[in-house]
Amino acid sequence: MQAEQEHPIELLPFFANGTLEAEEQARVATHLSACGACRDELAFLQALHAGIRAAESPAPIGETGWRRLQSALRKPARARRWLPWALAASLAVVMVQGVLLFRHTDEAAYQPAGQVHAGRLLQVRFRPQATESAIRALLQSLPAQIVSGPGALGVYRIRLAPEADPEAALAILRRRQDLIEHAARD
Amino acid sequence: MVGAKADPHAAWLEAIARGEEAAMRGFYDTYAPVVYAFALRRLEQPAEAADLVHEVMLEVWQKADTYGGRSRVRTWLLGIAHHKILDRLRVVSRHRERETGTEPDSLPAEPEGVLEALAAAASARWVRYCLERLSVIHRQVMHLAFFQELSYPEIAAILDCPTGTVKTRMLHARRQMKRCLAAVGAAGDPDTA
């Protein structure tokens, strides 16, 4: 740890991202001019900085998200105060329906979705202009089925049929930019 | 730290506080991807991250007048997002165990294979692979420093922790990243594998 106290090692990541105050920036720059080990470390951190920016997936935030927010913004405050109660009531109804449904299922055949569908679930958001028939044709070509959604920001979860290759299906979805705004593994 | 007076986006918040929807639209277009990327690093599920963006933006609309100008808009916003993420994780509680025991007393040794690590850092695929293997708190500090490009006092303000904690987490995170990248870098180019 002695060497770390002599080298400004804790400040190097923030030298690399360009956020140090002027005094710290100057101190680190002076040290770097005389220290090859810290220059090597800085080179790694700069590569990591660029790598992390490149590694982040583009955010699936689009017009759908804004429209959902806009709708919420325009709700009167009074309505918003009632929303949690309305949601709680809706949730209670759904839970009761779920219990009734599952009472008739074969419990031995039930497995958690994560085990059954590992790697076969994808998340997609369709373009607003995509028609039902075009979406249906696309899903049948994979083949895949919608299993939930639309969720937040209009994202649907789809499950690929056992014979479908997840990588190939994802590639097909991403090529169909006329219908798909965003597609990713779940 | 960059003050609010230097942040031109503070004017958006003033307009939003007056109920101007056009200002909210501009703010949303600029910052929704920022909040989404931050949330995704903690929540890991795209749908949950997108839901959190909606919650945060709704809070901005309702509470823009609480922005005190003591920090950059981005810092203030990610602070709101951080607390909402913690609320969500408390409810779900599935991440609680991962939160504990991730602040080891001693640093991992400086790894060998610096050249391999440097080469692997150029591959987005390997960087993503290694980021996913970091603990949540270390991945988060990497994200805030290198994706959101925040200073360590800003990161401390967002995470509500001392600046020394941010620096220590960063030390752990970068050593673990270097160790992982050195290992995968020695294994070859993932893009041609």
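Below, chain A is the first sequence line, B the second, and so on; all start at residue 1.
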### Task
Tell me, for B/Leu150 versus chain A, whether the close heavy atoms (under 4.5 Å) come from the side chain, the backbone, both or neither.
backbone
### Task
Let me know if B/Met57 has heavy atoms under 4.5 Å from chain A in its side chain, its backbone, both or neither.
both
## Note on the structure
Okay, A/Ala47 and chain B: the region with an atom under 4.5 Å from a heavy atom over there is both
### Contacting moiety of A/Leu45, where chain B heavy atoms sit under 4.5 Å
both
### Query
Does the A/Arg157 side chain pair with the main chain of A/Val147, one donor and one acceptor, at a distance under 3.5 Å?
no
### Task
For the residue pair B/Trp126 and B/Tyr129, categorise the inter-ring angle as parallel (less than 30°), tilted (30 to 60°) or perpendicular (more than 60°).
perpendicular
### Query
In terms of the angle between their ring planes, are B/Tyr28 and A/Trp66 parallel, tilted or perpendicular, with boundaries placed at 30° and 60°?
tilted
### Query
Taking the side chain as C-beta and beyond, is there a heavy-atom pair between A/Arg68 and B/Asp51 under 4.5 Å?
yes
